[in-house]
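What follows is a set of notes on a single structure, which appears directly below.
Heavy-atom basis, side chains included; hydrogens, waters and symmetry copies ignored.
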Amino acid sequence: MRALVTLVALAGMVAFAVVLARLTLEASPASVSLTRSNLMPGRSIGNYLRQPGFVETVKQLGGNIALGVPFGILLPLLSRKTRGFLRVALVTAATMLLVELVQGALVTGRAFDIDDVFLNTTGALLGYVLVGRRLGRAVRPRTRPRWWKRRPGGSSA
């Protein structure tokens, strides 16, 4: 059963990678004059929140959060080593940082935006807390007792 779940999670991660690539790494020549890199955390988020177009704000912020959710669900299913709040955050942030760097450096009409990394990581953590943690534990249960349940020195007294 674990092998089947791992295979499905791996297929899901591949599908997610394809969707991620299509959404973020496709050239947009018409946007060249509009793109600006953002290295200041919060700048893009603030700009979206201040603009009058509510629907566009929800699409940009919500879309970036939604894009990270599958990471938080699939990572704990793939490996025990990618379970845990901090590990999910680190793996997601590193992956999304790489995507943003490639996007900003190599894709016409796209720019690096640090806020996208934060929003994607937030989405992954939401996915992990709401679904991924429980699924990961069900598929890959803990093999060692938690550190606070271990007896010092291995004695049974």
Side-chain angles (χ1 to χ4, degrees), residues 1-32 35-45 48 55-150:
M1 186 59 158
R2 286 185 192 151
L4 179 63
V5 170
T6 302
L7 187 61
V8 170
L10 185 60
M13 195 60 93
V14 169
F16 174 72
V18 169
V19 170
L20 180 67
R22 292 280 317 228
L23 290 174
T24 61
L25 300 177
E26 226 172 61
S28 178
S31 302
V32 171
T35 58
R36 302 281 183 270
S37 290
N38 173 32
L39 301 174
M40 299 253 326
R43 181 187 287 169
S44 294
I45 294 170
Y48 284 121
V55 173
E56 186 63 25
T57 299
V58 170
K59 279 174 47 179
Q60 287 296 323
L61 299 180
N64 275 308
I65 290 171
L67 194 59
V69 170
F71 247 67
I73 296 170
L74 295 171
L75 282 175
L77 293 176
L78 288 175
S79 169
R80 265 189 206 96
K81 292 182 179 183
T82 56
R83 262 191 359 209
F85 194 82
L86 185 58
R87 288 179 182 174
V88 169
L90 291 174
V91 171
T92 303
T95 302
M96 296 307 177
L97 186 61
L98 180 65
V99 168
E100 286 293 320
L101 287 169
V102 168
Q103 181 176 298
L106 303 176
V107 182
T108 304
R110 299 286 187 163
F112 176 88
D113 190 345
I114 194 67
D115 287 342
D116 288 353
V117 175
F118 291 132
L119 291 168
N120 296 152
T121 303
T122 299
L125 292 174
L126 282 171
Y128 175 72
V129 167
L130 296 175
V131 179
R133 181 178 54 194
R134 198 167 299 133
L135 280 178
R137 287 180 182 162
V139 172
R140 299 187 186 285
R142 193 170 265 292
T143 56
R144 296 181 343 161
R146 295 186 181 273
W147 64 270
W148 62 83
K149 291 185 179 180
R150 290 185 215 139

Open item on the list: Show every salt bridge (charged side-chain N to carboxylate O under 4.0 Å, His left out) that has at least one partner inside residues 111-124, sequence neighbours left out.
Closed with: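 Applying salt bridge (charged side-chain N to carboxylate O under 4.0 Å, His left out) to every pair that reaches into residues 111-124, excluding sequence neighbours, yields nothing.
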- [ ] Just grab all the salt bridge (charged side-chain N to carboxylate O under 4.0 Å, His left out) pairs involving residues 55-73, residues at least two apart or on different chains.
- [x]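 Every pair satisfying salt bridge (charged side-chain N to carboxylate O under 4.0 Å, His left out) with a residue in residues 55-73: E56-K59.
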Restricting to side-chain contact (heavy atoms from CB on, under 4.5 Å), what partner residues turn up for [X], sequence neighbours left out?
{"X": "L130", "value": "none"}
{"X": "V69", "value": "I73"}
{"X": "L10", "value": "L78"}
{"X": "L119", "value": "I45, L61, N64, I65"}

- [ ] Looking only at non-hydrogen atoms, find the nearest pair between T82 and S79 and report the distance.
- [x]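 Minimum heavy-atom separation between T82 and S79: OG1-O, 3.0 Å.
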Task: Non-hydrogen atoms of P141 and A138 that approach each other most closely - done: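 Taking P141 first and A138 second, the nearest heavy atoms are CD-O, 4.2 Å.
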TODO: Can you tell me which residue pairs pass the ring pair (Phe, Tyr, Trp, His ring centres under 6.0 Å) test with a partner in residues 112-141, sequence neighbours excluded?
DONE: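 Pairs touching residues 112-141 that pass the test: none.
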Task: Backbone N/O of G136 and side chain of R83: donor-acceptor pair under 3.5 Å - done: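 Yes, R83 side chain to G136 backbone: donor-acceptor pair under 3.5 Å.
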- [ ] Go through the structure and list residues passing side chain to side chain donor-acceptor pair (under 3.5 Å) with S37, not counting sequence neighbours.
- [x]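 Once residues adjacent in sequence are excluded, S37 has no partner under the side chain to side chain donor-acceptor pair (under 3.5 Å) criterion.
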List the atom pairs, with distances to 0.1 Å, where a side-chain N or O of residues 84-95 and a protein N or O form a donor-acceptor pair under 3.5 Å, not counting sequence neighbours.
from, atom 1, to, atom 2, distance (Å)
R87, NH1, K81, O, 3.4
T92, OG1, V88, O, 2.8
T95, OG1, V91, O, 2.8

- [ ] Answer yes or no: is there a side-chain heavy-atom contact under 4.5 Å between I114 and L39?
- [x]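 A side-chain contact under 4.5 Å is absent here.
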